[in-house]
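Remarks on the structure that follows.
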Amino acid sequence: MKKIFHYRCNDCGEEYSSGIIRYLCPACNANNKADQPPKGVLKTIYSYKSILDNLDGKDCFQYLVENQFLPLLPIQSLESLPKLRVGNTPLYKSFDVNETGESFEVFLKDDSQNPTFSFKDRASAIVSAWARENDIDTIVAASTGNAGSSLAGICASQGQKSMIFVPAKAPIAKLTQIVMYGARIIPVDGTYDQAFDLSVAASEQFGFYNRNTAFNPLTIEGKKTVAFEIYEQLGRKAPDRIFVPVGDGVIISGVYKGFEDLLELEIIQKMPTIVAVQAEGSNNLIRNLDQSRFIAYPSNTIADSISVDIPRNYHMAVKYLKTFKGETISVSDKEIIDASVSLSRSSGIFSEPAAATAYAGYIRFKSTSRLAEGSRNVVLLTGSGLKDLQSVQSRISLPKPVSPELSSLNSLFSI
Ligand SMILES: *Cc1c(COP(=O)(O)O)cnc(C)c1O
């Protein structure tokens with residue numbers, strides 16, 4: 001039985017069938033301007049009623065777990081997914097206290113434990129699976145580095161070809177991954193936003209299938225899986241707050257979409273409060289939230305994965321934040337690096353700056369007593385610190401080597 005789902009335009013509400021390649025809503029896209037976030041990102045809608053009708057008296061979430069969430073994924077078979085283990089990442093619990101000494105729970109969702117060491121594998125896996133089911137063997141993406149290294153790795157595991165447009169200045173570890181996984185790399189002498197537009201033009205010109213974030217609606221569906229896992233790992237309960245780092249706004253929309261699916265199925269009754277955390281040097285989503293016209297300020301932040309001038313999923317993320325009363329916070333590069341150091345030292349999780357941004361948002365909330373006693377808070381750690389060693393070098397000093405004799409330690413450990 002072929003699964004039924006369709007797409008709905010986030011902006012005009014027009015509906016589109018699934019089964020063929022879909023990107024932006026053509027009606028909205030016709031009016032898109034290069035200096036504005038694109039309208040027309042498509043949301044994937046399932047037949048929630050037919051899921052509920054299929055339960056046979058079973059608990060709905062139990063049924064979803066047993067079917068590995070396939071009823072809420074835009075693919076026909078779990079067999080199409082990569083053999084690599086994507087998602088199902090650990091959620092570590094600890095306790096903390098706020099400024100007034102009240103204790104609460106904080107959980108670290110470590111998505112650096114994905115095959116290519118970032119959250120992006122969740123999206124790549126679904127896009128790659130869909131491509132397999134539709135006999136597409138080459139996938140293109142533009143990326144600040146992680147989406148590209150992710151697509152390259154996932155395609156390698158699936159016997160597919162990939163082509164990655166990245167800013168030539170992306171961190172060397174991410175460029176190295178792309179090449180090691182055998183992708184065709186196209187370094188672009190420009191910003192991420194320019195690489196994005198170039199990859200879309202190339203897809204149109206040469207007929208490639210494009211994985212670009214938000215532009216391809218399946219990226220949101222892959223990213224939403226983290227919400228199902230958090231709910232399951234918290235003992236089938238939603239948390240009070242989730243701190244999410246935001247660049248293009250697809251991860252945050254994915255988190256919302258996952259919980260929205262659970263709301264639609266009446267598995268949860270209330271949306272958790274989602275906190276959008278951006279770098280002060282690239283906070284075009286937060287800064288434009290209440291403006292009538294979007295103005296892109298040029299990005300300048302150490303957190304390269306969230307350094308975005310025009311967030312590609314701006315309209316959907318803003319709509320979610322407004323509908324569900326989300327919260328926002330911008331943190332400085334200094335707070336990001338401080339957070340990266342303190343997270344590494346207190347938990348053993350070494351995060352790249354974009355991921356440490358979410359933790360910096362959490363630290364700021366904690367210090368301003370905005371976390372209630374007994375509350376359950378989740379911080380989404382989206383990428384590994386090994387992907388960008390350069391960014392923390394200013395905080396590291398390696399001592400001079402000692403000569404390999406016991407006497408040379410006297411000066412270090414004198415009694
Ligand atoms: C892509 C990315 C983000 C931001 O995700 P968006 O969907 O662009 O908002 C955050 N952290 C890391 C490590 C990323 O790679």
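Everything numeric in this text was worked out from a predicted model, so none of it was measured. Position 1 is the first residue of the sequence; numbering continues from there. Atoms within each ligand, like the ligands themselves, are counted from 1 in listed order.
A salt bridge links Asp304 with Lys174: the closest approach of a Lys/Arg side-chain nitrogen to an acidic carboxylate oxygen falls below 4.0 angstrom.
At a 4.0 Å cut-off, at least one heavy atom of Lys223 sits close enough to ligand 1 to count as contact.
In terms of protein heavy atoms, atom 2 (C) of ligand 1 is closest to Lys120 NZ, 2.3 Å. The protein atom (non-hydrogen) at minimum distance from atom 8 (O) of ligand 1 is Asp248 N, 2.8 Å.
Considering backbone and side-chain N/O of Val250, one or more are found under 3.5 Å from N/O of ligand 1. Every N/O-N/O distance between Thr213 and ligand 1 stays at or above 3.5 Å. In terms of polar-atom proximity, defined here as any N/O pair under 3.5 Å, Glu352 makes no such contact with ligand 1. When only interatomic distances are considered, the shortest N/O to N/O separation between Gly249 and ligand 1 falls below 3.5 Å. The shortest N or O to N or O distance between Ser118 and ligand 1 is not below 3.5 Å.
Nearest heavy-atom pair, Pro71 versus Tyr46, reported as atom, atom and distance to 0.1 Å: O-CD2, 3.6 Å.
Under the 6.0 Å distance and 45° angle rule, Arg241 does not count as a cation-pi partner of Phe365. Stacking of Arg211 on the aromatic ring of Tyr209 is not recorded, the 6.0 Å distance cut-off and the 45° axial limit not both being met.
A side-chain contact (heavy atoms from CB on, under 4.5 Å) with Asp333 is found for exactly one of Thr301, Asp338, Asn300, namely Thr301. With respect to Ile306, the side-chain contact (heavy atoms from CB on, under 4.5 Å) criterion is satisfied by exactly one of Leu285, Thr382, Thr357, Ile336: Thr357.
How far OG of Ser199 is from CD1 of Ile186: 9.5 Å, rounded to the nearest 0.5 Å. Separating the CD1 atom in Ile310 from the CG atom in Asn288 is a distance of 10.0 Å, to the nearest 0.5 Å.
Residue Ile306 approaches ligand 1 through these ligand atoms, each under 4.0 Å from one of its heavy atoms: 3 (C), 4 (C), 10 (C). Per-residue contacts place Gly247 under 4.0 angstrom from the following atoms of ligand 1 (heavy atoms of the residue considered): 4 (C), 6 (P), 8 (O), 9 (O). Near Val246, meaning under 4.0 Å from any of its heavy atoms, are these atoms of ligand 1: 9 (O). Every atom of ligand 1 with a heavy atom of Asn146 under 4.0 Å away is listed here by number and element: 13 (C), 14 (C), 15 (O).
When the heavy-atom distances from atom 12 (C) of ligand 1 to Ile251, Leu381, Thr382 are ranked, the shortest goes to Thr382.
Between Lys39 and Asn31, the side chains place no donor N or O within less than 3.5 Å of an acceptor N or O (distance only, hydrogens not considered).
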